[in-house]
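Side-chain atoms are counted along with the backbone in the values below, which use heavy atoms only and exclude waters and symmetry mates.
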Amino acid sequence: MASQYQIRADYDARTIVVYQAYSPAIADAALRAGRFVAPFSFHRMTWIKPSFLWLMHRSNWARKPGQERILAVRVTREGWEEALSQAVLTTADPAAVARAAVHVQWDPERSSRGAALNHYSIQVGISRHLIRTFTDDWTVSLTDLTPQVHKAAALIRTGHAAKAQRLFPAERAYPLSRAMEGLLTPGG
């Protein structure tokens with residue numbers, strides 16, 4: 001992929017980590033059950049993000065109402081790539097977007113202080129038609145990163161950004177086929 005639209009993620013041979021911010025009620029229930037359960041909504045689109053810093057920007061380091069808890073959701077790479085294979089860019093024809101099981105949008109990646117960077121981070125929207133597959137078949141584990149997020153945010157606020165970076169997940173370019181790159185890249 002063009003480096004401007006490169007997926008950066010924490011992954012291994014079998015899985016990839018995506019991040020989501022939730023209310024305490026949703027996060028606590030999911031962590032107790034070891035999987036997503038009510039009050040998680042199985043009837044609306046859920047957005048997953050492989051960029052830790054993008055989600056930190058979006059959730060204001062777990063301080064926005066309804067986004068006070070940060071979960072690392074480890075999913076199978078097979079599931080991740082299945083989702084991507086069904087994706088439609090949100091900038092596509094509105095009728096195609098409305099029919100799509102998976103939506104993809106690219107937003108500017110963020111620095112630890114929230115500044116927009118010159119490359120983009122992928123956001124993947126899993127529709128209600130595919131949500132049970134995501135939660136029941138693709139999700140391998142859930143990890144609460146909230147304490148780590150709060151510690152990193154405090155370090156950044158007190159001028160210790162280098163120490164905070166040691167708490168960030170290691171992300172690297174995620175390999176995709178040329179066909180998948182063409183599907184996911186704006187103008188591709």
Transitive ILVMFWY cluster of W54 at side-chain heavy atoms under 4.5 Å: who else is in it?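 In the cluster with W54 there is nothing else; it is isolated.
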
When rounded to the nearest 0.5 angstrom, what distance separates [atom1] in [X] from [atom2] in [Y]?
X: Q6; Y: E171; atom1: CD; atom2: CD; result: 11.5 Å
X: E78; Y: D137; atom1: CD; atom2: CG; result: 10.0 Å
X: R110; Y: L55; atom1: CZ; atom2: CG; result: 12.5 Å
X: T185; Y: M180; atom1: OG1; atom2: CE; result: 11.0 Å

Under the side chain to side chain contact (heavy atoms under 4.5 Å, CB included) rule, what do Q4 and N118 come out as? Steps first, then yes or no, please. CA-CA 7 Å; Q4 193 176 19; N118 63 356; over 6 Å; no

So, H160 and T158: side-chain donor and acceptor under 3.5 Å apart, yes or no?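 On atom types as modelled, these side chains qualify, holding a pair under 3.5 Å.
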
Min side-chain heavy-atom separation [X]-[Y] under 4.5 Å:
X: R77; Y: Y11; result: yes
X: L53; Y: E109; result: yes
X: W106; Y: S121; result: no
X: L31; Y: L71; result: yes
X: I131; Y: F40; result: yes
X: Q67; Y: Y22; result: no
X: I7; Y: L176; result: yes
X: V124; Y: W80; result: yes

Given side chain to side chain contact (heavy atoms under 4.5 Å, CB included), test V140 with R14 step by step and report yes or no. CA-CA 10 Å; V140 174; R14 209 175 72 71; 3.9 Å; yes

Among all residues two or more places apart in sequence or in another chain, which pass the side-chain hydrogen bond (donor to acceptor under 3.5 Å, both in side chains) test with H119?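 Counting only residues at least two positions away or on another chain, H119 forms no side-chain hydrogen bond (donor to acceptor under 3.5 Å, both in side chains).
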
[X] [atom1]: over 12 foreign heavy atoms closer than 6.0 Å:
X: R44; atom1: CZ; result: no
X: R69; atom1: CZ; result: yes
X: K64; atom1: NZ; result: yes
X: R128; atom1: CZ; result: no

According to a 4.5 Å side-chain heavy-atom criterion applied to Ile, Leu, Val, Met, Phe, Trp and Tyr, with indirect links allowed, do I48 and M56 form part of one hydrophobic cluster?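 No: no chain of side-chain contacts under 4.5 Å links I48 to M56.
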
Please give me the minimum heavy-atom distance between [X] and [Y], naming the atom from each residue.
X: E68; Y: P24; result: OE1-CD, 3.2 Å
X: A33; Y: V37; result: CB-CG1, 3.8 Å
X: V73; Y: Q20; result: CG2-OE1, 3.8 Å
X: H57; Y: G114; result: ND1-O, 3.8 Å
X: I122; Y: P50; result: O-CD, 3.4 Å
X: G34; Y: L142; result: C-CD1, 4.1 Å

Do [X] side-chain atoms and [Y] backbone N/O form a donor-acceptor pair below 3.5 Å?
X: H129; Y: S127; value: no
X: S111; Y: A115; value: yes
X: K49; Y: W47; value: yes
X: T15; Y: R74; value: no
X: T139; Y: S141; value: no

Identify whether NZ of Lys or CZ of Arg in R8 sits under 6.0 Å from the centre of the six-membered ring of Y174 and within 45° of that ring's axis.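 No - R8 does not lie over the ring of Y174 by the 6.0 Å and 45° rule.
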
Taking the six-membered ring of F42 (Phe, Tyr or Trp), confirm whether the NZ or CZ of R132 is under 6.0 Å from its centre and within 45° of its axis.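 Cation-pi check for R132 and F42: passes.
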
Let me have the donor-acceptor pairs involving side chains of residues 87-103, under 3.5 Å, with sequence neighbours excluded, atom names and distances please.
unit_1 : atom_1 : unit_2 : atom_2 : d
D93    : OD2    : A95    : N      : 3.3
D93    : OD2    : A96    : N      : 3.3
R99    : NH1    : A95    : O      : 3.3
H103   : NE2    : V97    : O      : 2.8

Side-chain donor-acceptor contacts of residues 145-156 below 3.5 Å, not counting sequence neighbours, with atom names and distances?
unit_1 : atom_1 : unit_2 : atom_2 : d
T146   : OG1    : I70    : N      : 3.0
T146   : OG1    : D144   : OD1    : 2.6
Q148   : NE2    : L167   : O      : 2.3

According to salt bridge (charged side-chain N to carboxylate O under 4.0 Å, His left out), who are the partners of D107, at least two apart in sequence or on a separate chain?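 Salt bridge (charged side-chain N to carboxylate O under 4.0 Å, His left out) list for D107, sorted by chain: empty.
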
Could you pull out all residues at least two apart from F52 that satisfy ring pair (Phe, Tyr, Trp, His ring centres under 6.0 Å)?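 So F52 forms a ring pair (Phe, Tyr, Trp, His ring centres under 6.0 Å) with Y19, F168.
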
